[in-house]
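Have a look at the structure below, then the notes.
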Amino acid sequence: MSENKSRNFIEEIIEEDIRNNKHQGRIHTRFPPEPNGYLHIGHAKSICLNFGIAKQYNGKTNLRFDDTNPAAEETEYVESIKEDIRWLGFDWEDREYYASDYFQQLYEFAVQLIKAGKAYVDDSSAEEIGKMRGIPTVPGILSPYRDRSIDENLVLFEDMKTGKYKEGEKVLRTKLDMSSPNMHLRDPIIYRILFTPHHRTGTNWCIYPTYDFAHGQSDSIEGITHSICTLEFENHRPLYNWFIENLDIFPSRQIEFARLNLEYTLMSKRKLLQLVNEKIVDGWDDPRMPTISGIRRRGIPSEALREFATAVGIARRENVIEISKFENIVRAQLNKIAIRTMAVLRPLKVVIRNFSSELEWMEIVNNPEDPKSGKRKIPFGKEIYIEADDFMESPSEDFFRLTLGGIVRLKSAYIIQCEEIVKDKNGDIEYLLCSYIENSRSGSDKSGLKPKSVIHWVEVSNCISATVRLYGNMFTVPDPSNYEDIHSILNKESFIEISNAKLELEMKSANKELRYQFMRKGYFFQDKSSTSQNLIFNRTISLKDSFLK
RNA sequence: UGACCCAUGGUGUAACGGUAGCACUACAGAUUUUGGUUCUGUCUGUUAAGGUUCGAAUCCUUAUGGGUCAACCA
């Protein structure tokens, strides 16, 4: 806690609470996902906030699955959520909780409310209740069942619990204020009947608490001091507090912050599920997905995600983060750790006429950003591959690479000059005939030549083929959430597969945990399906390219 | 035409009544055997109008703009 460091508004609240010795200075947060989908980068912001702030103030963070709706929730999601949080680097220790752990307690809270005359069973249909609720500018009307006796309510609620009624036949509502300008206070429903089996409690229950009746009480039961959620729950806060006061339980405090919005990125679980269901993507962990598992498969280190979550800031103002902010952090992270290697994505063969048929071994550094990473030797020979677009037959003026008659430096090797273009019957370039400049070897260059550019290459008989996958934004517009029809804004080029890239032979035993930089092409990470027999590299992100064309 | 919340460069975020700062972007230059990295510099900002004050991005009022809320979802 440095004195002059600027604090976000939540840190200010917490420090104020600590100064006042509120809850004896205890800080306890929670991350409360509903297990109905995979976690995405927006959740990552929340995870980092909740776990980060607890750590910062010597507090604890619970993982609590908000599983009060059996119709949507599945164990598969529980597992993925836990894996993702662990990968992000956070530990909830033994505090793995479920709102469903509290069903009995919540039921008793409901009974308590009924006994206090503050809740009633309503026989109205969903439609009728909706109608009677009114609209924000017009008060609602009282349900005809609102004044049932406490005893009758007790019996009816018990009957709901024992399965005497069908789904939708009855609900339990609070007796609050049907004319409140806050719609959430117009006798909100707190229990409904659902016969779908629950992923944890099975068929033990057929009545389930709603979010409003479960969340705050769960916080309270766990002694959560600061319950951090997103802005859309702001209007729920009066209700959150009402339950705490009327149940007379531990006063957790709800604090709302603005959720993360990212350019070109969809955060809606519903629409992400649609992408998965319609097989527009290769599952929840498709490298184009903003899910934590997709981000992981793409090769983005968790540290970059954590740094991003911090960098975007915590405030109460709606925001849209530029994708460049994210990319900047990912590149900065990868630049430090990636092993440099040469890989030719779209090979063009070059025959160096005046070079011997013997191989010559060249030295190359593994990572110029990390002196400890060392050097290695790579073979250079008479036939090499270069990147097809590193040669231009009729170059523009700002093209610095190889041209007919021009020279270019081969990274860590010689300068070559292109003398002839050999084409096939169709007029397509088959290969290039070049010569090398003998005294231009890297490290002992006496040629005096100054090529405008350095390009990567691999030696033909010492390389392996691999599949390389390039990814781009999934959508063509920066604000996909504003479009209901996602099909019309899908980026057709968000996924490009190259099946015959040429990699340095050493890459046959590439480490699946390591990040690589294919020099001048970007950062790459092996796909989960990659094997040494069938190498598959996902491009995490390209390098910045100031040669725009 | 309700309630609640929000408003600082292109974007995000600081400044807590006393010099509007930082990061990203963009642009320019330097370095560079990756058109990468690194370094330097430049551009651009307090939504508006009143008020309080010696002094307002900050406090007050009003306006304007934006967000959330009318699931038996969370």
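In what follows, every chain begins at residue 1, and chains take the letters A, B, ... in the order their sequences are listed.
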From A/I14 CD1 over to A/R19 CZ, what is the distance, rounded to the nearest 0.5 angstrom?
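Reported value, rounded in 0.5 Å steps: 12.0 Å.
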
Sticking with atom [atom1], work out how far [N] lies from [M], rounded to a whole angstrom.
N: B/rU58; M: B/rU8; atom1: C1'; answer: 11 Å
N: B/rU11; M: B/rA63; atom1: P; answer: 26 Å
N: B/rU46; M: B/rA56; atom1: P; answer: 16 Å

Strictly by Watson-Crick or wobble contacts shorter than 3.5 Å, is anything paired with [N], and which nucleotide is it?
N: B/rA48; result: B/rU62
N: B/rC69; result: B/rG2
N: B/rU32; result: none
N: B/rC22; result: B/rG12

What nucleotide among [options] has an atom nearest to a side-chain atom of [X]?
X: A/K411; options: B/rU33, B/rG35, B/rC72; value: B/rU33
X: A/R409; options: B/rC69, B/rU33, B/rA3; value: B/rU33
X: A/E318; options: B/rG67, B/rC4, B/rG36; value: B/rG67
X: A/N328; options: B/rC73, B/rU25, B/rU68; value: B/rU25
X: A/F400; options: B/rU11, B/rC72, B/rG35; value: B/rG35
X: A/R133; options: B/rA71, B/rG36, B/rA23; value: B/rA71
X: A/S546; options: B/rU25, B/rU13, B/rG35; value: B/rG35
X: A/S442; options: B/rU33, B/rU37, B/rU13; value: B/rU33
X: A/N335; options: B/rG35, B/rG36, B/rC69; value: B/rG36

Side-chain N or O of [X] versus OP1/OP2 of [N]: is the shortest distance under 4.0 Å?
X: A/R520; N: B/rG35; result: yes
X: A/R317; N: B/rU8; result: yes
X: A/K269; N: B/rC73; result: no

Just checking [X]: base, sugar-phosphate only, or nothing, at a heavy-atom cut-off of under 4.0 Å?
X: A/S412; value: base
X: A/G522; value: nothing
X: A/S125; value: base
X: A/S124; value: base
X: A/A126; value: base

Check the pair A/R346 / A/E387 against salt bridge (Lys or Arg N to Asp or Glu O under 4.0 Å), numbers first and verdict last.
CA-CA 6 Å; A/R346 294 183 173 84; A/E387 204 68 61; 5.6 Å; no

How about A/F157 and A/Y191: are their ring centroids closer than 6.0 Å?
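Yes; A/Y191 has its ring centre under 6.0 Å from that of A/F157.
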
Looking at the angle O4'-C1'-N9-C4 for a purine or O4'-C1'-N1-C2 for a pyrimidine, is B/rA71 syn or anti, with syn meaning within 90° of 0?
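Syn, angle within 90° of zero.
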
Above 12 or not: heavy atoms from other molecules or residues under 6.0 Å from CD of A/E127?
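Counting other residues, nucleotides and ligands, CD of A/E127 stays at 12 neighbours or fewer.
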
Closest approach of A/D445 and A/N439, non-hydrogen atoms and distance?
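Of all heavy-atom pairs spanning A/D445 and A/N439, the closest is OD1-O, 3.3 Å.
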
